[in-house]
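Accompanying notes for the structure given below.
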Amino acid sequence: KAGVTQTPRYLIKTRGQQVTLSCSPISGHRSVSWYQQTPGQGLQFLFEYFSETQRNKGNFPGRFSGRQFSNSRSEMNVSTLELGDSALYLCASSSSPNYGYTFGSGTRLTVV
Amino acid sequence: GIQVEQSPPDLILQEGANSTLRCNFSDSVNNLQWFHQNPWGQLINLFYIPSGTKQNGRLSATTVATERYSLLYISSSQTTDSGVYFCAVDPDFGNEKLTFGTGTRLTIIP
């Protein structure tokens, strides 16, 4: 069974640009959530999608957005990139919260 | 929101030693997981353990939900056990998201 797949693995963008990250969940998992990891703030919840609907959103500015497609794949978008957006972005999928979450390998974004 | 505290923040041990990592949380939870973050950043799920005790090889975990803490035990440590260990909880009021602790950085010296 394939795990959670995130693409790309690494990304370098210039301040002011926008970026789109992709996450393919484990087959059959309908819940996809996104997390940002930085040295200063640790791991923080961004948002969670279930059946194409955003169910929860963390405390991030509106520049951070996401969506989920009918096949459960999810994308997150960050517009008008700032240096502080440099981070490891992790995606997790779950069949049910009662079974826990499985994480992908992450996308490491560097904003220069 | 719920607070998650992990201790100790850093732990340096000789290969073969045993260790205990602790996670305290401030409110009831319906999910608690332990993760090991490898050098490439991936969070590897070790245990899903909202309550009770589980074992997997040299690793075991115990969660005492009524007292709001969880312990991760690592026996006969190996250098491959090095890395950061995170405890993450899902608060027990319907918001399906994980709140992470700040982690314990474990370094195993050969």
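Every chain is numbered from 1, with letters handed out A, B, ... down the list of sequences. A quick note: this is a predicted structure, and the numbers were derived from the prediction, not measured.
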Within a 6.0 Å radius of atom [atom1] on [X], are there more than 12 heavy atoms belonging to other residues, nucleotides or ligands?
X	atom1	result
I12(A)	CD1	no
R105(B)	CZ	no
Q78(B)	CD	yes
N71(A)	CG	yes

Say whether [X] and [Y] are linked into one hydrophobic cluster, either directly or through other cluster members, by side-chain heavy-atom distances under 4.5 angstrom.
X	Y	result
W34(A)	F50(A)	no
I49(B)	L59(B)	yes
L71(B)	V29(B)	no
V4(A)	Y10(A)	no
L32(B)	I74(B)	yes

Item checked: Connected-component partners of I44(B) among ILVMFWY, side-chain separation under 4.5 Å ->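 I44(B) clusters with nothing; isolated.
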
Next item on the list: Using a heavy-atom cutoff of under 4.5 Å, enumerate the residues of residues 36-44 of chain A that contact chain B, numbered in order, or state 'none'.
Entry: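 Within residues 36-44 of chain A, the residues that come under 4.5 Å of chain B (heavy atoms only) are Q37(A), L43(A).
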
Notebook entry, point to check: If contact means a heavy atom pair closer than 4.5 Å, which residues of residues 103-112 of chain A contact chain B?
Noted result: F103(A), G104(A), S105(A), R108(A)

Note to self: R15(A): which residues meet the salt bridge (charged side-chain N to carboxylate O under 4.0 Å, His left out) condition with it, sequence neighbours left out?
What the structure shows: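 If we apply the salt bridge (charged side-chain N to carboxylate O under 4.0 Å, His left out) test to R15(A), skipping adjacent residues, there are no hits.
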
Next item on the list: Taking the side chain as every heavy atom from C-beta outward, state whether K97(B) and L46(A) have any pair of such atoms under 4.5 Å apart.
Entry: no

Next item on the list: Find out whether Y48(B) and Y101(A) are in side-chain contact, i.e. whether some heavy atom of one side chain is under 4.5 Å from a heavy atom of the other.
Entry: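 A side-chain contact is absent here, since even the closest heavy-atom pair is not under 4.5 Å.
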
Check: Would the F45(A) and F100(B) ring centres measure less than 6.0 Å apart?
Finding: no

Check: How long is the gap from OG on S94(A) to CG on L98(B), to the nearest 0.5 Å?
Finding: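 If we round to the nearest 0.5 Å, S94(A):OG and L98(B):CG are 9.0 Å apart.
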
Item checked: Between CG on residue L88(A) and CD on residue Q42(B), distance to nearest 0.5 Å ->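 That separation rounds to 10.0 Å.
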
Notebook entry, point to check: Side chain, backbone, both or neither: which part of F47(B) has a heavy atom under 4.5 Å from chain A?
Noted result: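 It is neither, since no heavy atom gets under 4.5 Å.
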
